[in-house]
Student: 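Please find one structure pasted underneath; my questions will follow.
By convention in this document, chain letters (A, B, ...) are assigned in the order of the sequence lines, proteins followed by strands, and residues within each chain are numbered from 1. Everything numeric here is computed off the predicted structure, so don't read it as measured data.
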Amino acid sequence: MGRVPCCEKDNVKRGQWTPEEDNKLASYIAQHGTHNWRLIPKNAGLQRCGKSCRLRWTNYLRPDLKDGEFSEAEEQTIMRLHAVLGNRWSIIAAQLSGRTDNDVKNYWNTKLKKKLSGMGIDPVTHNPFSHLMAEITTALPPPHVAHLAEAALSCFKDEMLHLLTKKRFDFQLQRSNAPQGTNASTCLTTKMMRKRIMWRRSG
DNA sequence: AAACGATTCAACCGCTACTAA
DNA sequence: CTTAGTAGCGGTTGAATCGTT
């Protein structure tokens with residue numbers, strides 16, 4: 001009944017992929033395509049689960065993937081679609097050529113969510129926090145509102161402190177030595193990009 | 001120079017819908 | 001129709017890296 005198992009879990013390697021593994025997978029797929037993920041690791045000589053191979057291919061090895069930072073336009077598209085679709089990352093990613101759902105999800109969680117919060121917009125509902133507070137005050141009795149407001153204020157205080165500290169650091173860095181349009185985060189991204197390119201070349 | 005906390009993102013996990021036997 | 005594997009998705013984790021103290 002049914003089909004044979006996808007892979008033997010005991011005999012499967014996990015963790016970071018090596019350039020050799022990447023090469024094996026990429027060259028196998030270049031020749032044979034991605035018709036059967038269960039057979040791909042076996043035929044390509046990889047001790048990996050088919051699921052792991054599929055993920056590695058779709059998120060990293062696919063030749064049509066776009067490298068580099070998200071553009072302003074891409075950022076706007078993500079924000080606009082997230083406001084309508086919520087966390088439907090694959091659908092959102094499908095509107096951005098060369099981006100994967102994992103890319104979009106990570107970008108949202110690490111950058112856009114904070115950016116929206118910093119602008120006073122709730123990243124879940126995409127409404128200003130003031131709207132949220134107004135809704136809460138009408139929905140809850142006064143004692144609950146007071147407790148909630150106290151809790152929210154302490155969260156907000158921490159978040160603002162964090163944002164202001166980071167802003168000040170970025171500003172100082174920009175003023176002291178960086179060329180126009182450069183800040184700490186783009187420096188970091190550039191370093192990571194270089195690392196990724198070197199990694200690919202070494203393979 | 002070392003320790004520490006924050007951040008990023010690749011990879012894994014668990015679930016669901018679909019499909020083959 | 002039932003069972004079990006596959007593909008794909010979103011949530012989560014943890015190693016690597018960075019900046020700060």
Student: Could you state the CH2-P distance from A:W37 to C:dG8, rounded to the nearest angstrom?
Tutor: 8 Å
Student: Would you kindly confirm whether A:V84 and A:V124 end up in one hydrophobic cluster when ILVMFWY residues are joined by side chain heavy atoms under 4.5 Å apart?
Tutor: no
Student: To the nearest Å, how far apart are A:I92 CD1 and C:dG8 P?
Tutor: 19 Å
Student: Produce the list of close N/O pairs, under 3.5 Å, pairing protein atoms with atoms of nucleotides 13-17 of chain B; give distances to one decimal.
Tutor:
unit_1 : atom_1 : unit_2 : atom_2 : d
B:dC13 : OP1    : A:R14  : NH1    : 3.0
B:dC13 : OP1    : A:R14  : NH2    : 2.5
B:dC13 : OP2    : A:R14  : NH1    : 3.0
B:dG14 : N7     : A:K51  : NZ     : 3.3
B:dG14 : O6     : A:K51  : NZ     : 2.7

Student: Can you tell me the distance, in whole Å, between the CG atom of A:N87 and the P atom of C:dT12?
Tutor: 10 Å
Student: Could you check how far CG of A:L112 sits from P of B:dT7, rounded to whole Å?
Tutor: 15 Å
Student: The side chain of A:S90 is closest to which nucleotide in this list: B:dA10, C:dC9, B:dT8?
Tutor: C:dC9
Student: Base, sugar-phosphate, or nothing: which does A:S52 touch, judged by heavy atoms less than 4.0 Å apart?
Tutor: sugar-phosphate
Student: So what does A:N106 touch, heavy atoms closer than 4.0 Å: a base, only the sugar-phosphate, or nothing?
Tutor: base
Student: Between P on B:dC9 and CG on A:N102, what's the gap in Å once rounded to a whole number?
Tutor: 11 Å
Student: Listed by chain and number, what are the side-chain contact (heavy atoms from CB on, under 4.5 Å) partners of A:L85, not counting sequence neighbours?
Tutor: A:L81, A:R88, A:I91, A:I92
Student: Nearest whole Å is fine: how far is B:dC9 P from A:D101 CG?
Tutor: 15 Å
Student: Tell me, please, which residues at least two apart from A:T125 pass side-chain hydrogen bond (donor to acceptor under 3.5 Å, both in side chains).
Tutor: A:D122
Student: Consider only side-chain N and O atoms of A:E74 and A:Y107, and report whether a donor and an acceptor are under 3.5 Å apart.
Tutor: no
Student: Which nucleotide wins on minimum distance to the side chain of A:K105, given the candidates B:dT8, C:dG10, B:dC12?
Tutor: C:dG10
Student: Do the side-chain N or O atoms of A:W89 get closer than 4.0 angstrom to the phosphate oxygens (OP1, OP2) of C:dG11?
Tutor: yes
Student: Can you tell me if A:R56 touches the phosphate of B:dA11, counting only side-chain N or O atoms and a distance under 4.0 Å to OP1 or OP2?
Tutor: yes
Student: Atom CH2 of A:W17 and atom P of B:dA11: how far apart are they, to the nearest Å?
Tutor: 8 Å
Student: For A:K113, which residues count as a side-chain hydrogen bond (donor to acceptor under 3.5 Å, both in side chains) partner, sequence neighbours excluded?
Tutor: none
Student: Could I get the full list of ring-ring contact (aromatic ring centres under 6.0 Å, His included) partners for A:H126, not counting sequence neighbours?
Tutor: A:H82, A:W108
Student: Can you measure A:W57 atom CH2 to B:dC12 atom C1' for me and round it to whole angstrom units?
Tutor: 21 Å
Student: Please pick, from B:dT8, C:dA7, B:dA10, the nucleotide with the shortest atom-to-atom distance to any side-chain atom of A:Q16.
Tutor: B:dA10
Student: Got a sec, which residues hit side-chain hydrogen bond (donor to acceptor under 3.5 Å, both in side chains) with A:N127, two or more places apart in sequence or on another chain?
Tutor: none
